[in-house]
Every structure is written in C-alpha cells, then in structure tokens.
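Written below as structure tokens is the structure these notes are about.
If you read the sequence from its start, that first residue is 1, and numbering goes on from there.
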Amino acid sequence: MLPLRTRFFVAVEGESEQSFVRWVQTLSDANLHIHLDSFLLGGGGYKTMLENAAREHKRRSKKSGRYKNRFLIVDSDRADQGDCSITQLKRDAHEAGFTAFVQRPNHEGLLLRMLPGMERENLDRASVERRLKSQWETYKKPANAYILARQFSLNDLLRAANFDADLQAFLEAIGLRSRS
C-alpha cells in the first residue's frame with residue numbers, strides 16, 4: 001500500500017493562482033510525496049477571501065481529513081479595495097491558522113520575477129503586465145499549468161524565491177525548497 005501524501009490546503013484568489021499551484025504540484029511530483037489541494041476563491045476583499053477559505057478548509061477537513069498546513073494566496077493590489085491592510089490580513093490569517101502568501105503587486109509580478117534576470121523587479125500594478133508581456137510576448141492571462149511548465153523551471157521558481165519572502169516560505173513549508 002502506498003503511503004498517503006502530505007496534504008496542504010491552498011486557497012487562491014483566482015484562476016491564475018490556481019494554475020500556478022497546479023504547476024508547483026507537477027514540480028513537486030518528481031521528488032515529494034505531497035498534494036496541494038487548491039480552492040478557487042474568485043476574488044473579493046481580503047476579509048471575505050479569508051472567511052471563505054476558512055469555511056472551505058473546515059468543510060474539506062471534515063470530508064477528507066487533515067492538512068499539514070493551509071495557505072491563502074492573494075495579490076497585494078487587493079489592498080486597494082480597503083477592507084483591510086496586508087498587515088491586518090497576515091495577522092488575521094495567522095489567527096485563523098493560515099499562512100498568507102501575498103504576490104506583489106499581483107500574480108503577473110510573480111511571473112515576471114521568475115524570468116531570468118528579472119528577480120529584483122518590483123513594479124506597480126499599472127506597469128507590471130506590460131513589462132511581463134515585453135519579456136514573454138505570448139503571455140495571456142490566465143496562463144494554465146501546462147503553459148507555465150513550458151515557460152518556467154524549478155530553478156526559475158527557486159531563484160525568484162530568493163527575493164520573495166512569501167514565496168520562499170510557501171516553498172519551504174511544502175518541502176520544495178530547503179530552509180536556509
């Protein structure tokens with residue numbers, strides 16, 4: 001009998017993040033025995049997304065068992081909606097048993113930083129997608145896991161994590177990157 005995979009609950013803001021989690025799952029399949037159980041939140045304010053993530057986590061835990069850890073992946077540009085700050089979100093998420101993984105300024109910013117030589121890029125929401133498309137001409141939102149796999153490697157992801165504390169923490173927690 002095969003041992004059970006270590007399970008992680010990952011609530012994601014949108015389809016782009018869900019594809020990202022699926023891609024990370026494929027990277028981990030080669031050498032880790034984990035399962036990233038993603039749940040699509042479909043946007044909203046931080047408080048709403050955290051509440052929906054907590055409710056779904058509780059429902060899935062009753063149905064299929066325990067998770068080793070739970071994550072909430074959101075964009076920092078959601079802070080514009082004003083229901084709470086990123087600092088407050090991280091505090092509330094921690095109290096609810098979640099680790100908040102905030103993409104800066106959004107998912108496109110994360111993808112841009114995964115491109116070789118772009119790890120240090122820190123652009124605002126207005127310019128990040130334009131900059132990403134200038135470097136990756138065929139990019140279309142949302143890029144599915146297959147497209148991400150064709151564009152990026154594990155090395156790209158790990159290199160970007162050297163400059164992104166939330167990404168680094170996520171990868172360390174699931175075992176894809178060792179703690180430094």
Side-chain angles (χ1 to χ4, degrees), residues 8-25 27 36 38-53 70-94 96 98-145 147-174 176-177:
F8 298 88
F9 180 80
V10 187
V12 297
E13 180 177 318
E15 291 177 23
S16 295
E17 291 83 5
Q18 190 170 50
S19 293
F20 172 78
V21 170
R22 286 182 181 139
W23 173 63
V24 171
Q25 177 70 61
L27 294 173
L36 303 175
S38 69
F39 173 66
L40 180 63
L41 295 164
Y46 289 152
K47 286 184 180 183
T48 302
M49 286 192 287
L50 179 58
E51 288 167 0
N52 290 341
R70 49 193 136 157
F71 299 93
L72 174 66
I73 302 178
V74 297
D75 296 342
S76 70
D77 62 12
R78 286 281 171 182
D80 299 350
Q81 293 187 357
D83 75 344
C84 77
S85 68
I86 292 170
T87 303
Q88 184 66 45
L89 170 68
K90 287 191 172 229
R91 186 172 31 252
D92 292 350
H94 179 74
F98 281 80
T99 300
F101 169 1
V102 180
Q103 303 173 111
R104 298 180 191 278
N106 51 29
H107 186 67
E108 287 73 23
L110 172 65
L111 297 178
L112 178 66
R113 286 189 299 280
M114 288 192 323
L115 292 169
M118 305 299 288
E119 305 82 20
R120 297 176 192 268
E121 290 292 316
N122 193 13
L123 301 170
D124 62 16
R125 176 178 52 166
S127 58
V128 73
E129 192 167 343
R130 183 178 64 244
R131 181 81 165 129
L132 176 62
K133 286 181 178 181
S134 75
Q135 299 294 312
W136 179 7
E137 293 176 4
T138 60
Y139 173 74
K140 287 187 179 115
K141 183 177 182 172
N144 65 35
I147 291 169
L148 293 175
R150 285 190 13 221
Q151 181 67 36
F152 299 110
S153 69
L154 176 59
N155 287 337
D156 295 325
L157 182 64
L158 296 176
R159 189 181 58 254
N162 290 330
F163 300 92
D164 185 328
D166 285 0
L167 176 59
Q168 181 176 334
F170 174 69
L171 297 178
E172 287 175 356
I174 66 171
L176 202 51
R177 183 180 196 273

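Using a 4.5 Å heavy-atom cutoff, the side chains of Lys90 and Ile86 are in contact. Asn162 has its side chain out of reach of Glu119: every pair of non-hydrogen atoms, C-beta onward, lies at least 4.5 Å apart. Residues Gln135 and Leu111 fail the side-chain proximity criterion, which asks for heavy atoms closer than 4.5 Å. Counting heavy atoms from C-beta on, the side chains of Phe98 and Asp92 never come closer than 4.5 Å.
Under the 3.5 Å distance criterion, with hydrogens and angles disregarded, a donor-acceptor pair is assigned to the side chains of Glu17 and Gln103.
A salt bridge links Glu129 with Lys133: at least one charged nitrogen is closer than 4.0 Å to a carboxylate oxygen.
Screening residues 112-143 for ring pair (Phe, Tyr, Trp, His ring centres under 6.0 Å) gives Trp136-Tyr139, Trp136-Phe152 as the qualifying pairs, with residues at least two apart or on separate chains.
In this structure, CG on Asp124 lies 10.0 Å from CG on Asp77, to the nearest 0.5 angstrom.
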What verdict does the side-chain contact (heavy atoms from CB on, under 4.5 Å) test give for Leu72 and Leu89, after you've listed the backbone C-alpha separation in whole Å, the side-chain angles of each residue and the deciding distance to 0.1 Å? CA-CA 10 Å; Leu72 174 66; Leu89 170 68; 3.8 Å; yes
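For the side chain to side chain contact (heavy atoms under 4.5 Å, CB included) test with Val10, the passing option among Thr99, Val24, Ile174, Ile73 is Ile73; the others fail.
Arg91 is linked by a side chain to side chain donor-acceptor pair (under 3.5 Å) to Gln88, counting only residues two or more places apart in sequence or in another chain. Residues satisfying the side chain to side chain contact (heavy atoms under 4.5 Å, CB included) criterion with Asn144, sequence neighbours excluded, are Ser19, Tyr146, Ile147. Checked against side chain to side chain contact (heavy atoms under 4.5 Å, CB included), Asp164 has the following partners two or more places apart in sequence or in another chain: Leu110, Arg113, Asp166, Leu167. Under the rule for a ring pair (Phe, Tyr, Trp, His ring centres under 6.0 Å), the partners of Phe170 that lie at least two apart in sequence or sit in another chain are Phe71, Phe101. Considering only residues two or more places apart in sequence or on other chains, Leu40 meets the side chain to side chain contact (heavy atoms under 4.5 Å, CB included) condition with Val12, Glu15, Gln18.
At distances below 3.5 Å, not a single donor-acceptor pair connects side-chain atoms of Asn106 with backbone N or O atoms of Asp75. In this structure, the side chain of Asp156 engages the main chain of Ser153 through a donor-acceptor pair within 3.5 Å.
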